[in-house]
Structures are given as C-alpha cells and as structure tokens.
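These notes are about the structure you will find just below.
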Protein chains: 2
Amino acid sequence: MTGLITKGKAVFNKETEYALRGLVYVQVQNYKGFKPGIAEIAAEIDAPPFYTGKIMQRLVKQGFLSSIKGKGGGFLFEEQKPELPLKIVIQAIEGTKTYAGCGFGLKHCDEEHPCPLHEQFAPIRNSINDLITLNTVQSLARDYHGLDNMLLGSLRR
Amino acid sequence: MTGLITKGKAVFNKETEYALRGLVYVQVQNYKGFKPGIAEIAAEIDAPPFYTGKIMQRLVKQGFLSSIKGKGGGFLFEEQKPELPLKIVIQAIEGTKTYAGCGFGLKHCDEEHPCPLHEQFAPIRNSINDLITLNTVQSLARDYHGLDNMLLGSLRR
DNA sequence: ATATTAAAAGACCTTTTTGTCTTTTAATAA
DNA sequence: TTATTAAAAGACAAAAAGGTCTTTTAATAT
Ligand code: FES
Ligand code: FES
C-alpha cells in the first residue's frame with residue numbers, strides 16, 4: 001500500500017534545505033576568514049556529501065557564490081556582492097511559483113476569485129514571502145556569530 | 001541538467017490537494033442530496049480520473065467517508081459523523097509531522113534550540129496549524145453553498 | 001614538471017510521487 | 001437470473017526527487 005501515512009513533509013524540499021544551510025555555513029566560515037570545502041560543509045550541515053557537492057556546484061553555476069579549485073580551495077561569497085535573500089535561492093531551486101498559488105490548489109488565486117481558504121491563507125502566505133525576502137544568507141550567518149555548531153542548540157541567549 | 005529551475009511547489013502535494021477538493025466536492029453535493037461518483041468528482045475538481053478514484057478509495061478505507069457500489073452509488077458523508085478538520089486529512093496523507101518541524105530543516109525546533117528563523121517562522125507555522133485545524137471539509141463545503149463550480153470564480157460576493 | 005588537492009561534470013541509481021489501466025466485487029434494475 | 005452500474009483492488013509505469021560515484025579539470029605546492 002502506498003500513499004497514506006508517509007514520512008512527513010517539510011516546508012522546503014531537501015535540496016533547498018541543504019542549499020540554504022550550506023550557503024549560510026559558507027558565509028559563517030567566510031566571516032571567520034575560512035573557505036570551507038564540500039566535505040566540511042556536508043558534515044556541518046548534516047547532508048549527504050556527494051549530494052552536497054552537486055548542490056553547491058549548482059549554486060556556483062547560478063552565480064550565488066564562488067568556488068576555488070585545488071589546494072586551499074573551497075567556497076566563498078564575493079564581498080562586493082549584495083546580500084542574498086533566501087527567496088532568491090528558494091526560487092532558483094523550487095521555481096518562481098513557490099508560495100504564490102492557491103492553498104487549495106486552484107488555478108487562480110486573487111481577491112476576485114477567492115477560494116474558501118483565501119482570506120485566511122493569503123496573509124499567511126504574505127508572511128512567508130516577507131520572511132524569505134527579508135532574511136538573507138548573510139543575516140542568518142550573522143545570527144550564528146560565535147557559534148561553533150549550526151545544527152543544535154543554536155541561539156540560546 | 002536536473003534540479004535548478006523546476007516547476008514550482010504548492011503548499012500541499014497533489015494527492016492531498018485532490019483529496020481535499022474531492023472531499024469538499026462530495027460534501028457540497030451531499031448537502032444538495034446527491035452522491036457523486038468518481039468520474040464526476042474528478043471532472044469537477046480538475047484531477048486525473050483514475051488517480052482520483054484511487055485517492056477516494058483510500059479515504060474511504062481510512063474511514064473519512066462512505067461509498068456505495070453499483071447503480072445509484074457514489075460517495076457520501078454519514079450525517080452523524082463529526083466535522084472533518086482539514087488537518088486530519090492532510091496528516092493521514094502527508095504524515096503527522098507536517099508543518100511541525102523547523103523551517104530551516106534542523107532536527108529540533110523549540111524555544112530552547114531556536115534556529116535564526118524560529119522567532120519569525122514559529123508564529124506562521126502556528127497560523128497554518130490553526131487554519132487547517134479550524135477549517136473542516138464541511139465548513140468549506142458550506143462556503144461553496146449555491147455555487148455550481150468549485151474551480152473558478154468562487155466566492156465573489 | 002610532478003604530485004596533490006579540491007571543485008566540476010556527468011553517468012548512474014533508488015525512492016517517492018503521480019498517474020494509468022485492468023480485473024474483481026458489490027449493488028441495483030429489468 | 002441476468003445485465004448494468006459503480007466502487008475496490010491491485011498491477012504497472014512514467015516522472016520527479018533524492019542520492020551515489022567516477023572521471024575530468026584546475027589550482028597549489030614541492
Ligand atoms: S484562491 Fe485559494 S488561497 Fe487564494
Ligand atoms: S528551530 Fe528552526 S523554526 Fe524552530
């Protein structure tokens with residue numbers, strides 16, 4: 001039997017999660033003067049190493065960050081580049097229609113053609129959009145300042 | 001090349017969308033005294049007919065609604081049953097952890113171990129949970145009262 | 001130059017999701 | 001009883017997501 005009672009869905013897909021965590025980790029290390037490599041990134045963000053490599057390479061190809069091959073190489077953000085909103089990354093991976101459509105799955109979503117969920121759902125969707133627009137890889141990396149581990153017990157004050 | 005720039009992700013997966021729309025459509029028709037069949041449901045909710053059949057059957061097996069075989073048959077909600085919150089359906093299909101975890105994909109999500117998104121994300125997640133807990137198949141069906149088409153131009157007043 | 005290091009490219013594979021279709025079972029109608 | 005109708009069951013398959021691994025390319029160090 002397939003379908004009912006599966007594992008449970010996250011907000012973003014795995015590739016997006018790994019990409020976001022990877023980018024933030026790179027920026028955290030960059031702020032400390034380091035350029036992490038794939039093996040280190042994968043270990044620190046708890047992602048499959050080879051898959052992490054593939055994802056990081058895609059991000060470089062998209063121009064989100066730079067990489068250096070060979071000894072002493074790794075990944076880094078060019079300092080002159082503007083901050084990178086999470087939304088840009090998410091949409092590059094999941095498509096531009098992410099969190100833009102009707103929660104009920106209808107073709108059109110607007111005030112003229114609202115589904116029964118629209119009034120309650122639209123503000124939530126707007127909040128999500130604000131969240132991923134206002135937060136950047138850099139702002140999250142700054143939040144991690146001074147922490148040695150991204151994965152557990154992060155921002156306790 | 002795979003991965004970057006895909007189609008775009010909806011809030012729920014397809015099976016969940018079809019299930020929710022199908023259930024609401026059945027309830028709308030029940031309120032009018034009809035018991036729709038698979039072909040009609042699929043057409044009205046804009047879903048693949050065979051897949052719709054499979055999904056409706058799973059929902060029956062889960063006990064969310066009843067079905068009657070043979071001539072004059074179709075799907076119906078037993079009137080004595082309590083209203084069915086969307087969340088129950090969603091979790092039966094997508095798993096109980098849906099919209100429960102960290103938006104950043106971390107293993108733990110609580111006030112003691114917040115990721116940099118937690119403070120902004122947790123209230124949004126709570127709103128989503130409220131939305132799918134408070135709205136039921138029946139409440140949405142009542143919202144559709146008097147409408148002949150679930151798919152376009154629905155609740156204009 | 002040569003060896004070493006590390007990312008890039010890309011082939012390949014597994015699992016999950018989504019979807020199709022045929023056969024079987026149960027109900028009703030003639 | 002027989003034909004018809006419609007859901008149930010389940011095999012099968014295509015597409016997408018997730019993941020692995022090998023080979024190639026580019027940089028550095030000796
Ligand atoms: S029409 Fe459904 S959320 Fe806007
Ligand atoms: S810890 Fe990330 S959302 Fe709560």
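Each chain gets a letter, A, B and so on, in the order the sequences are listed, and its residues count up from 1.
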### Query
Going by heavy atoms in the side chains, are Leu59(B) and Phe75(B) under 4.5 Å from each other?
no

In whole angstroms, how far is the [atom2] atom of [N] from the [atom1] atom of [X]?
X        : N       : atom1 : atom2 : result
Ile55(B) : dA7(D)  : CD1   : C1'   : 15 Å
Arg58(B) : dG19(C) : CZ    : P     : 12 Å
Glu40(A) : dT5(C)  : CD    : P     : 16 Å
Ile38(A) : dG19(D) : CD1   : P     : 16 Å
Glu94(A) : dA17(D) : CD    : C1'   : 11 Å
Glu15(B) : dG19(C) : CD    : P     : 10 Å
Tyr51(B) : dT16(C) : OH    : C1'   : 10 Å
Lys14(B) : dA15(D) : NZ    : C1'   : 13 Å

### Task
Ignoring hydrogens and angles, answer whether the base of dG10(C) and the side-chain atoms of Lys54(A) contain a donor-acceptor pair closer than 3.5 Å.
no

### Query
Do Gln57(A) side-chain and dA8(C) base share a donor-acceptor contact under 3.5 Å?
yes

Nearest to side-chain heavy atoms of [X], which nucleotide of [options]:
X        : options                  : answer
Lys61(A) : dA11(D), dA9(C), dA8(D)  : dA9(C)
Tyr18(B) : dG19(D), dG19(C), dA7(C) : dG19(C)
Asn13(A) : dG18(D), dT20(C), dA8(D) : dG18(D)

### Result of checking Ile93(A), Ile132(A), Asn135(A), Val89(A) against Leu20(A) for side chain to side chain contact (heavy atoms under 4.5 Å, CB included)
Val89(A)

### Residue among Ile90(B), Leu131(B), Val11(B) satisfying side chain to side chain contact (heavy atoms under 4.5 Å, CB included) with Tyr99(B)
Val11(B)

### Message
Taking side-chain hydrogen bond (donor to acceptor under 3.5 Å, both in side chains) as the cut-off, I'd like each qualifying pair that reaches into residues 122-132 of chain B, sequence neighbours left out, listed once.
### Response
Lys87(B)-Asn129(B)

### Message
By the 4.0 Å heavy-atom rule, please label Gly53(B) as base, sugar-phosphate, or nothing.
### Response
nothing

### Task
Could you tell me whether the side chain of Lys61(A) and the main chain of Met56(A) form a donor-acceptor pair under 3.5 Å?
no

### Query
How would nucleotides 22-30 of chain C be written as a contact map, 5' to 3', with B for base contact, S for sugar-phosphate-only contact and - for no contact, using protein heavy atoms under 4.0 Å?
B--BBBSS-

### Message
With a 4.0 Å cutoff (strictly under), does any side-chain N or O of Ser67(B) reach OP1 or OP2 of dA6(D)?
### Response
no

### Task
For the residue pair Gln27(A) and Tyr144(A), confirm or rule out a side-chain donor-acceptor distance under 3.5 Å.
no

### Query
Out of curiosity, does Phe77(B) fall in the hydrophobic cluster containing Ile88(B) (side-chain heavy atoms, cut-off under 4.5 Å, transitive links)?
yes

